[in-house]
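Reading through the structure tokens given below for one structure.
In what follows, chains carry the letters A, B, and so on, assigned in the order in which the sequence lines appear, proteins first and then strands, with residues in each chain numbered from 1.
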There are 2 protein chains.
Amino acid sequence: MPTEAGRTRRPDADCPVEVALSAISGRWTTLVLRELMHGPSSFGDLAARLPEISPKVLTERLHGLRADGLVDRERLTGFPVRTRYALSPAGEALRPLLTELYRTGERLQRRR
Amino acid sequence: MPTEAGRTRRPDADCPVEVALSAISGRWTTLVLRELMHGPSSFGDLAARLPEISPKVLTERLHGLRADGLVDRERLTGFPVRTRYALSPAGEALRPLLTELYRTGERLQRRR
DNA sequence: CCGCATCCGATTGGATACTG
DNA sequence: CAGTATCCAATCGGATGCGG
């Protein structure tokens, strides 16, 4: 981390590192984000692109991301009901982090 | 992330993103890493700098990090026994990721 | 189509006491 | 000092069936 001033002696939800981690934590979360990085998507489209996720978990992830202000939801009129999930500007701010996760993972794999 | 070729349809332990995430996942893990980024440390020193971590969890974290090749352990001769934990080169490779986590967390906090 | 409600097994982390 | 051994509570994720 940048400086060691204000050292944390335990996990603190207000620490930026914890904030970022909690935003992307949980199984499937990064994959949901990746799909949304390709563009807005409906609930069903997300489920189709992630065939092994259960509706419960997909719902949980989308709720969490919405609660964190990373994803916006829009209900489309008509029948049957359609929904549109899209990354918010805050959600877009995660892109460099996901890229760095990928880079770091590659580096770690290469070392084996 | 970079490309969408070879899209993952479920969490795959071989995906670089998952590799990086699993390396830093778990409560206390990033704090243990941060302490080691300041330099090598003994078990007791780590416990003293993280007063609220239990010995069990500290042991678990250090074992995990060692299993991933991110941390090296050295036993120092003498009595009482002393140990020296230090970041390996692979562990050093995590530094940019932790920095990016911090930056991203700050950006997210600013948006509230 | 878009979820929510329920149940349940597995994993996780904390507290505590004890050993080489 | 540097861990290990237990036990336990809480969280998490998967499966499934129903409702708006």
Side-chain angles (χ1 to χ4, degrees), chain A residues 8-13 15 17-18 21-33 35-36 40-68 71-86, chain B residues 8-13 15 17-18 21-36 39-68 71-86:
Chain A
T8 318
R9 282 168 154 66
R10 56 178 180 133
D12 175 357
C15 168
V17 173
E18 299 292 332
L21 271 177
S22 95
I24 62 169
S25 74
R27 200 147 119 94
W28 294 101
T29 304
T30 56
L31 291 180
V32 171
L33 285 170
E35 294 307 325
L36 291 176
S41 181
S42 69
F43 187 94
D45 286 345
L46 287 171
R49 296 210 195 102
L50 303 170
E52 306 197 30
I53 195 175
S54 78
K56 177 205 166 194
V57 173
L58 180 52
T59 299
E60 283 176 358
R61 293 301 173 264
L62 291 171
H63 280 195
L65 293 170
R66 280 219 301 156
D68 289 347
V71 163
D72 295 325
R73 181 174 78 159
E74 187 186 353
R75 302 211 68 124
L76 308 180
T77 62
F79 187 83
V81 181
R82 284 208 148 256
T83 320
R84 192 182 112 119
Y85 290 95
Chain B
T8 318
R9 281 168 154 68
R10 56 178 180 133
D12 175 357
C15 168
V17 173
E18 300 292 333
L21 271 176
S22 95
I24 62 169
S25 74
R27 200 149 121 91
W28 296 100
T29 304
T30 57
L31 291 179
V32 170
L33 285 170
R34 186 193 59 183
E35 294 307 325
L36 292 177
S41 182
S42 69
F43 188 94
D45 286 345
L46 287 171
R49 297 211 193 101
L50 303 170
E52 306 197 30
I53 194 175
S54 78
K56 176 203 166 196
V57 174
L58 180 52
T59 299
E60 283 176 359
R61 292 302 172 262
L62 290 170
H63 279 192
L65 292 169
R66 281 219 299 155
D68 288 347
V71 164
D72 294 326
R73 182 173 78 157
E74 187 184 354
R75 302 210 68 123
L76 308 179
T77 63
F79 187 82
V81 180
R82 284 208 148 257
T83 320
R84 191 181 112 119
Y85 289 96

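- Rounded to an integer number of Å, the gap from B:Leu62 CG to C:dG13 P is 14 Å.
- Using a 4.0 Å heavy-atom criterion, one finds that B:Arg84 contacts no nucleic acid atom at all.
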Next on the checklist: Using side chain to side chain contact (heavy atoms under 4.5 Å, CB included), reason through B:Asp45 and B:Glu35 one step at a time and then give a plain yes or no.
Outcome noted: CA-CA 9 Å; B:Asp45 286 345; B:Glu35 294 307 325; over 6 Å; no
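- Per the geometry, CZ belonging to A:Arg73 stands 17 Å off P belonging to C:dC1, to the nearest Å.
- Atom CG of B:Leu31 sits about 11.0 Å away from atom CD of B:Glu52, to the nearest 0.5 Å.
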Checklist entry - Is there a side chain to side chain contact (heavy atoms under 4.5 Å, CB included) between A:Ile24 and B:Leu21 once you walk through the steps? => result CA-CA 9 Å; A:Ile24 62 169; B:Leu21 271 176; 3.9 Å; yes
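- Put simply, CG on B:Leu50 is 14 Å from P on D:dA2, counting in whole angstrom units.
- Using a 4.5 Å heavy-atom threshold, the side chains of A:Leu76 and A:Glu74 count as touching.
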Checklist outcome for this item: Once base and sugar-phosphate atoms are separated, protein heavy atoms under 4.0 Å mark nucleotides 4-20 of chain D, 5' to 3', with B, S and - as BBB------BBBB----
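- To the nearest angstrom, C1' of C:dG3 lies 16 Å from CG of A:Leu65.
- Base-pairing analysis of DNA chain D finds the following stems of at least three consecutive Watson-Crick or G-U pairs, with both pairing distances under 3.5 Å: C:1-20 with D:1-20.
- For A:Ser42 and C:dC1, the shortest distance from a side-chain N or O to OP1 or OP2 is not below 4.0 Å.
- Using a 4.5 Å heavy-atom cutoff, the side chains of A:Leu62 and A:Phe43 are in contact.
- Judged by distance alone, the side chain of B:Arg75 and the main-chain N or O of B:Val81 form no donor-acceptor pair under 3.5 Å.
- Taking atom CG on A:Leu46 and atom C1' on C:dC2, their separation rounds to 12 Å, with Å as the unit.
- Atom CG in A:Leu58 sits about 8 Å away from atom P in C:dG3, given to the nearest Å.
- Distance B:Glu74 CD to D:dC1 P: 19 Å, rounded to the nearest Å.
- Residue A:Tyr85 places none of its side-chain N or O atoms closer than 4.0 Å to OP1 or OP2 of C:dC1.
- Counting heavy atoms from C-beta on, the side chains of A:Val71 and A:Val32 never come closer than 4.5 Å.
- Contact record, B:Arg49 with A:Arg9: O-CG, 3.6 Å, taken as the closest heavy-atom pair.
- Counting heavy atoms from C-beta on, the side chains of A:Val17 and B:Arg34 never come closer than 4.5 Å.
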